[in-house]
Amino acid sequence: MASFNRVILLGNLTRDVEIKYTPSGLAVTEVGLAVSDRRKNQAGEWIEETVFVDVTLWGRQAEVASEYLSKGSPILVEGRLKLDTWETDGQKRSKLRVVGERMQMVGSRGGSASPQAAKAREPASYDESEYSGRATYDDTAPPRAAASSGQAAPPPEDNLPF
């Protein structure tokens, strides 16, 4: 039987990020995420439901979260569900959480005087994937000089066989 365990959440942090390190030196943090859903009920009235989800971030993503995020920060998290089970005072307990494999900060950067100034500071996009253990860079990003001068960079050459 096939299965697929993938979660994508967009919400706000419910508390400040507290980073910890494993004995081997790997960074880890558990953040709370509030995800709201707005819909109409049977009476036709709009209601808003908020779900609170615990998300665990590892490695560089945990370090980035602790450095740049705080309570109320909007983030997008992609990951997988994991069920933790334990026993306390003879009672079995369980908790469903998300193991974050990719985190994206959402929203504007603070302190920017203008959108053009923020655009000039943006580096080429990259994705630090937990799967490969190394960063993957987008080589198609225009060079900074062309981007800041307003000139369009030439399109990349396509060597397509059709």
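All values below come from the heavy atoms of this structure, side chains included, with hydrogens, waters and symmetry mates left out. All residue numbers in this chain count up from 1 along the given sequence.
The line from CZ of R38 to NZ of K40 is 9.0 Å long, rounded to the nearest 0.5 Å. To the nearest 0.5 angstrom, L9 atom CG is 13.5 Å from M103 atom CE. Taken to the nearest 0.5 Å, the CG atom of L69 stands 10.0 Å off from the CD atom of E67. Note that the CD atom of E49 and the CG atom of N41 stand 9.5 Å from one another [nearest 0.5 Å].
Between A65 and V17, the shortest heavy-atom contact is O-CG2, 3.7 Å. The minimum heavy-atom distance linking L33 with T14 is given by the pair C-CG2, 4.0 Å. Taking all atoms of both residues into account, the shortest heavy-atom contact from L57 to Q61 is CD2-OE1, 4.0 Å.
Across N12, L10, T50, a single residue satisfies side-chain contact (heavy atoms from CB on, under 4.5 Å) together with S36, and that is T50.
Looking at residues two or more places apart in sequence or on another chain, you find no salt bridge (charged side-chain N to carboxylate O under 4.0 Å, His left out) involving E87. Qualifying side-chain contact (heavy atoms from CB on, under 4.5 Å) partners for K95, counting only residues two or more places apart in sequence or in other chains: E30, D54, W86. In this view, K92 satisfies the salt bridge (charged side-chain N to carboxylate O under 4.0 Å, His left out) rule with no residue, not counting sequence neighbours. Residues satisfying the salt bridge (charged side-chain N to carboxylate O under 4.0 Å, His left out) test with R93, not counting sequence neighbours, are none.
Judged by distance alone, the side chains of T85 and S94 never bring a donor and an acceptor atom under 3.5 Å apart.
Following chains of ILVMFWY side-chain contacts shorter than 4.5 Å, one cannot reach L13 starting from F52, and the two form parts of different hydrophobic clusters. Neither I47 nor V51 shares a network with the other; the hydrophobic side chains, linked directly or stepwise wherever heavy atoms of I, L, V, M, F, W or Y lie under 4.5 Å apart, form separate groups for each.
Other residues sharing a hydrophobic cluster with I19 under the 4.5 Å side-chain heavy-atom criterion for ILVMFWY residues are Y21.
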Hey, can you pull the donor-acceptor pairs under 3.5 Å for the side chains in residues 70-83, sequence neighbours left out?
| unit_1 | atom_1 | unit_2 | atom_2 | d |
| --- | --- | --- | --- | --- |
| S73 | OG | S70 | N | 3.0 |
| S73 | OG | S70 | O | 2.8 |
| R80 | NE | E101 | OE2 | 3.1 |

From CA spacing to verdict: side chain to side chain contact (heavy atoms under 4.5 Å, CB included), D37, E48: CA-CA 6 Å; D37 182 35; E48 187 170 316; over 6 Å; no

